[in-house]
Amino acid sequence: MKRASLSPEDQVRSIHFKYEIPEDRVQAALDRGFRFGDVDQAALLSCLSDASMEDILAMRKDDPWGVIKKKLGLTAAVYEKTYLLHRAERLERFYGISAQRALTLLEEGYPNHWIRLAYLLEQHTGVKTEDIVHSRKKSEKWKPWAERVLHVSPEDFTAWIAETRNPSLARKK
């Protein structure tokens, strides 16, 4: 499935919110001709290492991403650990669930959106996020499951989701 392309403004906003890189630095990298995907990857690797996004983009001129990760000391194990921590911190920034709770669930293998939706349901029903993700099956859709198990109307659930939209996503038109 092909993704819809982001507008230039949405590209800057996305990287800014996901990685807390100032918008002017993101815009400067894009203005220098770097593709959005490369700037996004460099911003992520900057968050996972001690290198700046600009230094990583300079490395990208000569090296593929795998070599850059190796030069940054991001072995598979280090990358996995730091990436999970980054995701947990982002879940806390975007949605309010504590990074430690999110990290535990990420380490168990649950995806970000499950944690986000389960925490959203916790806020409105009092049922713990951990209990929600552990009891829901992958084959079940969220709205019917929430209605059947937690007695949450699909309309309420839809409204709650809209109220907590990921700020790094493209703006709704």
query = With sequence neighbours left out, which residue pairs that include part of residues 46-59 fulfil the side chain to side chain donor-acceptor pair (under 3.5 Å) condition?
reply = Arg25-Glu54, Ser52-Asp55
request  = Please determine if Asp40 and Arg35 form a salt bridge, counting it only when a charged side-chain N lies under 4.0 Å from a carboxylate O.
outcome  = no
Residues Arg101, Glu130: salt bridge by 4.0 Å N-O rule = yes
Using modelled atom types and a 3.5 Å cut-off, is there a donor and acceptor pairing between side-chain atoms of [X] and backbone atoms of [Y]?
X: Glu140; Y: Lys137; result: yes
X: Arg116; Y: Ile161; result: yes
X: Ser14; Y: Asp10; result: no

Please examine the side chains of [Y] and [X], heavy atoms only from C-beta on, and report whether any two atoms are closer than 4.5 Å.
X: Glu122; Y: Val127; answer: no
X: Glu92; Y: Gln100; answer: no
X: Arg90; Y: Arg93; answer: yes
X: Leu105; Y: Glu108; answer: yes
X: Leu57; Y: Arg32; answer: yes
X: Ile132; Y: Leu150; answer: yes

Non-hydrogen atoms of [X] and [Y] that approach each other most closely:
X: Ala29; Y: Val39; result: CB-CG2, 4.0 Å
X: Leu72; Y: Ala51; result: CD2-CB, 3.5 Å
X: Ala43; Y: Ile21; result: CB-CG1, 4.1 Å
X: Asp131; Y: Ser135; result: O-OG, 2.9 Å
X: Leu91; Y: Asn112; result: CD2-O, 3.9 Å

Please determine whether residues [X] and [Y] belong to a single hydrophobic cluster, defined as Ile, Leu, Val, Met, Phe, Trp and Tyr linked transitively by side-chain heavy-atom distances below 4.5 Å.
X: Phe94; Y: Leu6; result: no
X: Phe17; Y: Ile15; result: no
X: Leu45; Y: Val78; result: yes
X: Ile68; Y: Phe34; result: yes

task = Please determine which of Leu121, Ile97, Leu120, Leu117 meets the side-chain contact (heavy atoms from CB on, under 4.5 Å) test together with Thr129.
result =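 Of Leu121, Ile97, Leu120, Leu117, side-chain contact (heavy atoms from CB on, under 4.5 Å) with Thr129 is met by Ile97 alone.
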Nearest 0.5 Å, please: how far is [atom2] in [Y] from [atom1] in [X]?
X: Lys141; Y: Arg148; atom1: NZ; atom2: CZ; value: 14.0 Å
X: Glu20; Y: Glu89; atom1: CD; atom2: CD; value: 8.5 Å
X: Gln123; Y: Glu163; atom1: CD; atom2: CD; value: 12.0 Å
X: Lys61; Y: Ile56; atom1: NZ; atom2: CD1; value: 14.0 Å
X: Tyr95; Y: Asn166; atom1: OH; atom2: CG; value: 3.5 Å
X: Gln11; Y: Glu23; atom1: CD; atom2: CD; value: 13.0 Å

inquiry  = Test of understanding: with salt bridge (Lys or Arg N to Asp or Glu O under 4.0 Å), list the residues that count as partners of Arg87, not counting sequence neighbours.
reply    =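 By the salt bridge (Lys or Arg N to Asp or Glu O under 4.0 Å) rule, Arg87 matches no residue at all.
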task = Check the pair Glu147, Val152 against side-chain contact (heavy atoms from CB on, under 4.5 Å), reporting the backbone distance first and the verdict last.
result = CA-CA 5 Å; Glu147 184 175 28; Val152 171; 5.9 Å; no
task = Sorted by first residue and then second, give each ring-ring contact (aromatic ring centres under 6.0 Å, His included) pair with at least one member in residues 104-132; sequence neighbours left out.
result =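 Non-adjacent pairs meeting ring-ring contact (aromatic ring centres under 6.0 Å, His included): Tyr110-Trp114, Tyr110-His134, Trp114-Trp142, His124-Trp160.
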task = Not counting sequence neighbours, list each pair that qualifies as a ring-ring contact (aromatic ring centres under 6.0 Å, His included) and has a residue in residues 57-81.
result = Tyr79-Tyr83
ask   = What pairs of residues pass the salt bridge (charged side-chain N to carboxylate O under 4.0 Å, His left out) test when at least one of them lies in residues 67-78, not counting sequence neighbours?
value =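 Non-adjacent pairs meeting salt bridge (charged side-chain N to carboxylate O under 4.0 Å, His left out): Asp63-Lys71.
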request  = Using the test ring pair (Phe, Tyr, Trp, His ring centres under 6.0 Å), find all partners of His86 that sit at least two apart in sequence or belong to another chain.
outcome  =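 Scan of His86 (ring pair (Phe, Tyr, Trp, His ring centres under 6.0 Å), adjacent residues dropped) gives Tyr19.
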ask   = Which is it for Leu44 and Gln41 under the side-chain contact (heavy atoms from CB on, under 4.5 Å) test, yes or no, and what are the steps along the way?
value = CA-CA 5 Å; Leu44 171 62; Gln41 183 69 10; 4.2 Å; yes
